[in-house]
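These figures come from a predicted structure and were not determined experimentally. Numbered from 1 within each chain, the chains take letters A, B, ... in sequence-line order.
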Amino acid sequence: MSRAFYWMVLPAFVLFFVFHTVPVLQGVYYSLTDSPGYGEHAFVGLRNYVNLFKDDRILDAYLFTFQFAVVATILTNVIALAIAVGLSARIRFRTALRGIFFIPNVLAILIVGYIFNYLFSNYVPVLLGELAWIGVVVVAVWQAVAFNIIIYLAGLQTIPEDLHEAARIDGAGSWRRFRSVVFPLIAPFFTVNMVLSLKNFLQVFDHIVALTNGGPGTATTSVSLLIYTGGFQGGEYAYQTANAIVYFVVIVLVSIFQLRILQRREQL
Amino acid sequence: MARSIALLVAAALFASSCGQDPGSAVTLDFFQFKPEAVKTFDRIIEEFEREHPGVRVVQRHVPNAETALRTRLVRQDVPDVLTLNGAGVFGELAAAGVFHDFSRDRVAQVVNPPVQKILNDLGTFGRGEVNGLPFASNANVVIYNKDLFARHRVEPPRSWAELIAAARTFRAAGVTPFYLTLKDAWTALPTFNALAANLAPADFFARRRAGLATFLSAYPQVTEKLKELYSHGQPDRLSRGYDEGNRAFAEGRAAMYLQGSWAIPAIKGLEPAFELGTFALPAVQDQRLVSGVDVAVTMAREPRHPKEAMAFVEYLMRPEVMKAYAEEQVAIPPLRQAGSPVLREVLPYFERGRLAGFPDHHIPLAVQLERLLQRFLIDGDSRAFLAELDSEWDKVMERRS
């Protein structure tokens, strides 16, 4: 009987292995060579990794990406939580509104990005110029809030109505009820949203391609964009693959660290 | 259902067997990189086949042609005849000995020698070899609105002072002198190239590679003039890109447009209500025009059908074929004598051989020159720009070694 479970896992495992694990291993292999992405290549040991740490352009990309990701994660979660609380209250057109707020999630980021690009360049050009990073934050948050609302809505529905009632009878106002009843009870959902948002924002790519293509200059070049432009257009495939491997490890470590902290907080 | 599939397969087989000429026909594999020119080449091939009944030419065109070609080379599968853009990749492959040496062939004689030199400078297998033939050239020109020039009584400028005076005249009259499109970083490159080719020492890149010169010491004049030009643009330059620039210029919203001959078909396609003119950016007295080889023709070093491949190359390099192509694609045929209406004003540079290649072809792509340039044109800090160009150059060279 228990063998059936293995068979059920097998297709997903095979797909994951072939399309995810194998390319990662290939990437590790190429990061140890001098390959430009095609043709012949030779082993160069850890040279690419050593060079990474001498490259200020990579450091700049890391700084930008982390600043962007932290700002966007906080904004996304604050806004999503506020909207979700509103959408779970007894209001008119509740179902329709929930649907409308989910729409940005269904739209392709590239298309949304080009529309915002058009809007910004004609009405708020500064969001593609000196303040380009804010432009990227606006689009990223606008798009990401939709998915986070859904998770928070699911969380809010797990809170039994009698807890609200009990709190109300004890004389708690709405802010007090949110702080002391609602928020602690949806803490696991908060954890999931924070970890997923930060991870997604650290990999930001489409938004930037559609809005600024990393510019002006290199002001909005995220790590993913640098890997792409340097590796495929600049002909430094192996070098940027090494960058990708390091970045993969960094994201894993950040996510684990974040989970630890937030889960500890849940238990308080 | 099964039967209809079988019928389809049979029909497909029949069709494909009909497509191949029976008997002794030779099929040439023609790799063509330029997507805009597929139809033009189809017509050229048709006429060639009519003249050579025994030869069939199959045009292969794919997106990302240069990458696709490299994957074929890895498998030792070199196309018989090729077109390639005369840029870094062509030079790299030529230096690796992939292409035929035309130096002793009659067909190489039709090309204007300074244009041939631009292509050879990118790289050759052996000393004195000619590994490709320029088929169409482009030119780094300032495009201008003849109507606005006539209305404000401005002559096409011949010196830097005249150019700046013209910009001031237009500005005083409320006309934008240059339409700038800094949202697309690369659109600053043509101007950078025109200035760098004339203001920096001719042997700069050789000396830079040897560590004997720096951008910081050799390029201040280039950045200074670039900055001056960019001070005469429209205010929303940062939020306008190449396509918007073409449109705005075609609508007559600026007197001059700092681009190259490649932008002319796009602007003409928008049907401007005025005549377009071109002049070379006048950086110095007796300057050189920056011109690249837009399309180079070459063949495999060891083609499967040497005689037929050479016949096709010779056909392509006939002056009337090159002229017809240039007419259709608004290019300059790199012949000793050339002619093309819009570009008439810059043809003397070709006839006198006052030409220079694109300086940015010597800067590794990984340096991302256009991004550094874009930032410089926003913040105006010339020293920081040149210092970063030097440090990026050094880092890329170190990673390559």
Side-chain angles (χ1 to χ4, degrees), chain A residues 34-41 44 47-61 114 117-132 135 211-221 225-226 228-240 242-243, chain B residues 64 66-76 88-89 92-93 96 98 181-188 234-244 363-381 384-385 387-388 391-392 394-401:
Chain A
D34 62 358
S35 167
Y38 39 76
E40 290 163 22
H41 55 260
V44 296
R47 199 184 73 188
N48 288 327
Y49 290 91
V50 173
N51 283 334
L52 280 181
F53 290 95
K54 296 188 206 157
D55 193 349
D56 49 347
R57 194 171 269 184
I58 290 190
L59 182 67
D60 288 345
Y114 283 116
N117 186 335
Y118 177 84
L119 290 176
F120 289 168
S121 47
N122 286 301
Y123 302 106
V124 235
V126 73
L127 289 187
L128 294 175
E130 301 92 87
L131 298 178
L211 281 172
T212 63
N213 201 19
T218 50
T220 58
T221 299
L225 190 79
L226 183 64
Y228 173 74
T229 51
F232 291 101
Q233 292 162 8
E236 294 190 310
Y237 180 75
Y239 176 63
Q240 292 297 348
N243 187 10
Chain B
N64 286 327
E66 286 174 345
T67 314
L69 180 61
R70 290 211 207 220
T71 59
R72 285 186 63 172
L73 298 183
V74 176
R75 289 179 278 135
Q76 307 292 324
V89 174
E92 221 176 274
L93 298 177
V98 178
T181 53
L182 262 186
K183 187 168 148 194
D184 286 329
W186 72 268
T187 61
Q234 87 286 8
D236 63 354
R237 65 191 72 168
L238 276 183
S239 57
R240 294 288 172 252
Y242 177 61
D243 293 332
E244 288 141 340
I363 300 176
L365 286 168
V367 169
Q368 304 198 334
L369 167 68
E370 72 275 16
R371 289 176 185 276
L372 303 181
L373 201 54
Q374 188 190 34
R375 182 156 68 206
F376 161 62
L377 289 171
I378 293 170
D379 67 20
D381 190 343
F385 164 60
E388 186 163 8
S391 90
E392 284 299 319
D394 291 338
K395 278 191 314 194
V396 171
M397 288 303 164
E398 200 192 321
R399 295 203 289 260
R400 277 188 182 177
S401 59

Taking every non-hydrogen pair under 4.5 Å, which of T221(A), T212(A), N117(A) racks up the most with chain B? N117(A)
Distance-only polar pair, side chains of Q368(B) and T229(A), donor-acceptor under 3.5 Å: yes
Could you grab the distance from atom CD of Q374(B) to atom OG1 of T218(A), nearest 0.5 Å is fine? 9.5 Å
Mind listing the closest non-hydrogen atom pair of K395(B) and R57(A) along with its distance? NZ-N, 3.8 Å
Note, I378(B) side chain near P216(A) side chain (heavy atom, < 4.5 Å): yes
If you measure from CZ on R400(B) to OH on Y239(A), what distance do you get to the nearest 0.5 Å? 13.5 Å
Which region of E130(A), side chain (C-beta onward) or backbone (N, CA, C, O), has a non-hydrogen atom less than 4.5 Å from a non-hydrogen atom of chain B, or is it both or neither? side chain
Taking every heavy atom of K183(B) against every heavy atom of S121(A), the minimum-distance pair comes out as NZ-OG, 3.8 Å
Leading residue by heavy atom contact count with chain B [cutoff under 4.5 Å; candidates N213(A), L128(A), V126(A)]: N213(A)
Option in R371(B), E244(B), R375(B), E392(B) with maximal non-hydrogen atom pairs under 4.5 Å from chain A: R371(B)
With a cut-off of 6.0 Å (strictly less than), are more than 12 heavy atoms of other residues, nucleotides or ligands near OH of Y228(A)? no
Where does N51(A) contact chain B at under 4.5 Å (heavy atoms): side chain, backbone, both or neither? side chain
In terms of heavy-atom pairs under 4.5 Å with chain A, the winner among R240(B), E370(B), E398(B) is R240(B)
Most heavy-atom pairs under 4.5 Å with chain A, out of L238(B), D236(B), V367(B), belong to V367(B)
N48(A) portion near chain B, given a 4.5 angstrom heavy-atom threshold: neither
If I take atom CZ from residue R399(B) and atom CG from residue L52(A), how far apart are they, to the nearest 0.5 angstrom? 8.5 Å
